[in-house]
J.: 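Before I ask anything, here is the structure I am working with.
Quick caveat: nothing in here was measured; it's all calculated off a predicted structure. Here is how names work: the chains are called A, B, and so on, in the same order as the sequence lines, proteins then strands, and each is numbered from 1. Quick note: numbers below take in every heavy atom, side chains included, and nothing from hydrogens, waters or symmetry partners.
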There are 2 protein chains.
Amino acid sequence: MRARSEERRAEIVRAALEVIAERGYRGASLAAVAERVGLTQQGLLHHFPTKEALLVAVLKERDRWDAVPDTQWRVDLLAALVEYNAMRPAIIQTFSALLGESVTEGHPAREYFTERYTRVRANMADVLRAEYGDRLPSGLTPERGAPLLVAVMDGLQYQWLLDPESVDMPGAFRDFLALLGEEA
Amino acid sequence: MRARSEERRAEIVRAALEVIAERGYRGASLAAVAERVGLTQQGLLHHFPTKEALLVAVLKERDRWDAVPDTQWRVDLLAALVEYNAMRPAIIQTFSALLGESVTEGHPAREYFTERYTRVRANMADVLRAEYGDRLPSGLTPERGAPLLVAVMDGLQYQWLLDPESVDMPGAFRDFLALLGEEA
DNA sequence: TCGATTACCTGTAGAGCGGTAGGTTTCGTT
DNA sequence: AACGAAACCTACCGCTCTACAGGTAATCGA
């Protein structure tokens, strides 16, 4: 019944995540996603009327994922998160690919990422403030530290995806956290 | 004669840079690039036999660009570079889009970026070593500082491209350099 | 001046794309 | 048992994409 349908949709979203990781959004065809769940492309379109609707569902899934309810993040949990991410390359790859595409004109995920980063920077500033107060040991305000924190996480992901052997993502991230936490 | 031809190819590469910035590599059609230089798609294929050949030329152009001959970069020049980049969003957008796509399977730019990052990390380590010796003031080795430096540059670019009003890319980068240069 | 090369063009093949139309099967409800 | 909706299919449309084939006009060296 209705539960069956939701389950099906969840399956499709999961498959879409995989295909986007492999080919990006533009390169991900509905047929490829459909095949992965044993449907025809038109069968898939019954659950998601357009390709963009499927993308929206993928992005919503991501939001649900990292909005762990009422968890007040702490700096040491961020390090653990990065470590966890290093074990789930598929997810990282999906959203790294989407982020890259999203900077192009009229990309359907552009607004999503813009708003997401505004939100994430604010969250990170909160985390830093909770840890260090209005000044980090290095002298930065939390609001100026936050974009750097986010940039390091994203930037390391690209380097790591391209060459996991050469880049110790969690280690490098810990180095950065240490840098933030050191006295000037 | 031959000079004419090279000039034409340069025009095409320039146009390709623009179109890739707008639509990514997968989204960039040869016809769109051709139109921008007043050619038909088939006319363009006379100069570059395949789409991939055109991409290779674009990547080569980039190499030529940032291999400013014999310039030994210094940390303060990096800050100036970021400032300069902030005035040329088209270039940044092109390569941010390409980087994002390149993490997908079998992307023709993947190897390029993998090798490029290996090289850039090594260069950055050299820069840091030239500035600070074998230990940064914060205690990091140059080899461990370099991936962070690169990550911050890339990560800030994405945030800035998505929302230039909200992200002071050069300022944030200077913050990071100060962080690297501070005593532990 | 001639022959060849270069720089294009038109035409078209061949595949893949997202999306629509409409039919059929399955299944829970009454 | 009958009905209606949901789930999914076949068939197809119109478009776009890269690339190939082959022709034509200009240009350049001998």
Side-chain angles (χ1 to χ4, degrees), chain A residues 1-59 97-98 101-102 104-110, chain B residues 1-59 97-98 101-102 104-110:
Chain A
M1 49 179 322
R2 187 158 295 175
R4 254 289 194 269
S5 181
E6 292 236 359
E7 197 178 324
R8 201 58 152 155
R9 284 174 55 101
E11 270 184 70
I12 294 170
V13 167
R14 232 174 299 142
L17 269 159
E18 289 176 22
V19 176
I20 291 173
E22 289 165 15
R23 328 276 287 187
Y25 172 69
R26 276 199 238 265
S29 73
L30 294 176
V33 177
E35 191 195 15
R36 208 162 290 216
V37 292
L39 282 179
T40 62
Q41 177 240 35
Q42 295 85 344
L44 188 154
L45 282 174
H46 172 74
H47 294 279
F48 298 93
T50 67
K51 186 179 181 182
E52 200 168 323
L54 176 56
L55 176 62
V56 168
V58 166
L59 299 176
L98 281 178
E101 281 183 278
S102 76
T104 62
E105 277 174 23
H107 193 282
R110 170 150 201 166
Chain B
M1 47 177 324
R2 187 157 295 174
R4 254 290 194 269
S5 182
E6 292 235 359
E7 196 180 324
R8 201 58 152 157
R9 285 173 55 102
E11 269 183 72
I12 293 171
V13 167
R14 232 173 298 141
L17 270 160
E18 289 176 22
V19 176
I20 292 173
E22 289 165 17
R23 329 277 284 187
Y25 172 68
R26 277 193 171 105
S29 74
L30 294 176
V33 177
E35 192 194 14
R36 209 162 291 215
V37 291
L39 281 180
T40 62
Q41 177 246 23
Q42 295 87 340
L44 187 154
L45 282 174
H46 171 73
H47 295 277
F48 298 94
T50 67
K51 186 180 179 181
E52 200 168 324
L54 176 55
L55 177 62
V56 168
V58 166
L59 299 175
L98 280 177
E101 280 183 277
S102 77
T104 62
E105 276 173 25
H107 192 282
R110 170 151 200 164

J.: Please collect all salt bridge (charged side-chain N to carboxylate O under 4.0 Å, His left out) contacts where either partner lies in residues 22-35 of chain A, sequence neighbours excluded, each pair once.
T.: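 Residue pairs passing salt bridge (charged side-chain N to carboxylate O under 4.0 Å, His left out), neighbours aside: A:Glu22-A:Arg36.
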J.: Which heavy atom of B:Ala16 sits nearest a heavy atom of B:Val33, and at what distance?
T.: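 That closest heavy-atom pairing would be N-CG1, 3.8 Å.
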J.: B:Glu7 CD to C:dC8 P: how many Å, rounded?
T.: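 Answer to the nearest Å: 11 Å.
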J.: With side chains defined as the heavy atoms from C-beta onward, is the minimum distance between B:Leu39 and B:Arg8 less than 4.5 Å?
T.: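 In contact.
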J.: Please determine whether a side-chain nitrogen or oxygen atom of B:Ser5 lies at a distance below 4.0 Å from atom OP1 or OP2 of C:dA7.
T.: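 Yes, such a contact exists.
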J.: Side-chain contact, heavy-atom cut-off 4.5 Å: A:Arg9 with A:Glu6?
T.: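 The answer is no, as the side chains (C-beta and beyond) never meet within the 4.5 Å cut-off.
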J.: Taking the side chain of B:Thr40 as its heavy atoms from C-beta onward, which of D:dC8, C:dC9, D:dA7 lies nearest to it?
T.: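 Looking only at heavy atoms from C-beta outward on B:Thr40, the closest nucleotide is C:dC9.
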J.: Ignoring hydrogens and angles, tell me if any N or O in the side chain of B:Lys51 forms a donor-acceptor pair with the backbone of B:Ser29 under 3.5 Å.
T.: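 Between the backbone of B:Ser29 and the side chain of B:Lys51 there is no qualifying donor-acceptor contact (under 3.5 Å).
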J.: Within the 4.0 Å limit for protein heavy atoms, which parts of nucleotides 14-21 of chain D are touched? Write it as a string from 5' to 3', B for base, S for sugar-phosphate only, - for none.
T.: ---SBBB-
J.: Rounded to the nearest angstrom, tell me the gap between atom CD in A:Glu6 and atom C1' in D:dA7.
T.: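 Checked: the CD to C1' distance equals 15 Å.
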J.: Report yes if some heavy atom in the side chain of A:Thr50 is under 4.5 Å from a heavy atom in the side chain of A:Leu55; otherwise report no.
T.: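 No, too far: nothing below the 4.5 Å cut-off.
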J.: Would a 4.5 Å heavy-atom cut-off, applied to side chains only, mark A:Val58 and A:Tyr25 as touching?
T.: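 No, side chains not in contact.
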J.: Quickly work out the A:Leu54 CG to C:dC17 P distance and round it to whole Å.
T.: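 Distance check: A:Leu54 CG to C:dC17 P gives 14 Å.
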J.: Tell me: CZ of B:Phe48 to P of C:dA7, nearest whole Å?
T.: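 Atom-to-atom, B:Phe48 to C:dA7, this comes out as 12 Å.
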J.: Residues of residues 8-15 of chain B with any non-hydrogen atom less than 4.0 angstrom from an atom of DNA chain C: list those, numerically ordered, please.
T.: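 Heavy-atom contacts with DNA chain C come from B:Arg8.
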J.: Figure out the CG/P separation between A:Leu39 and D:dA6, and round it to whole Å.
T.: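 About 17 Å, once rounded to whole Å.
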J.: With a 4.5 Å heavy-atom cut-off, do B:Leu45 and B:Thr40 have their side chains touching?
T.: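 No; the side chains remain at least 4.5 Å from each other.
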J.: Taking only side-chain nitrogens and oxygens of B:His47, does any of them come within less than 4.0 Å of OP1 or OP2 of C:dC8?
T.: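 Affirmative; the distance criterion is met.
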J.: For the pair B:Thr104 (side chain) and B:His107 (backbone), establish whether a donor and an acceptor sit closer than 3.5 Å, ignoring hydrogens and angles.
T.: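 No: the side chain of B:Thr104 does not pair with the backbone of B:His107.
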J.: Please state whether the phosphate of D:dC8, meaning OP1 or OP2, lies under 4.0 angstrom from any side-chain nitrogen or oxygen of A:His46.
T.: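 Answer is no, no contact under 4.0 Å.
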J.: When all nucleic acid strands are considered with a 4.0 Å heavy-atom cut-off, which category describes A:Leu44: base, sugar-phosphate, or nothing?
T.: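 Here A:Leu44 touches no strand at all.
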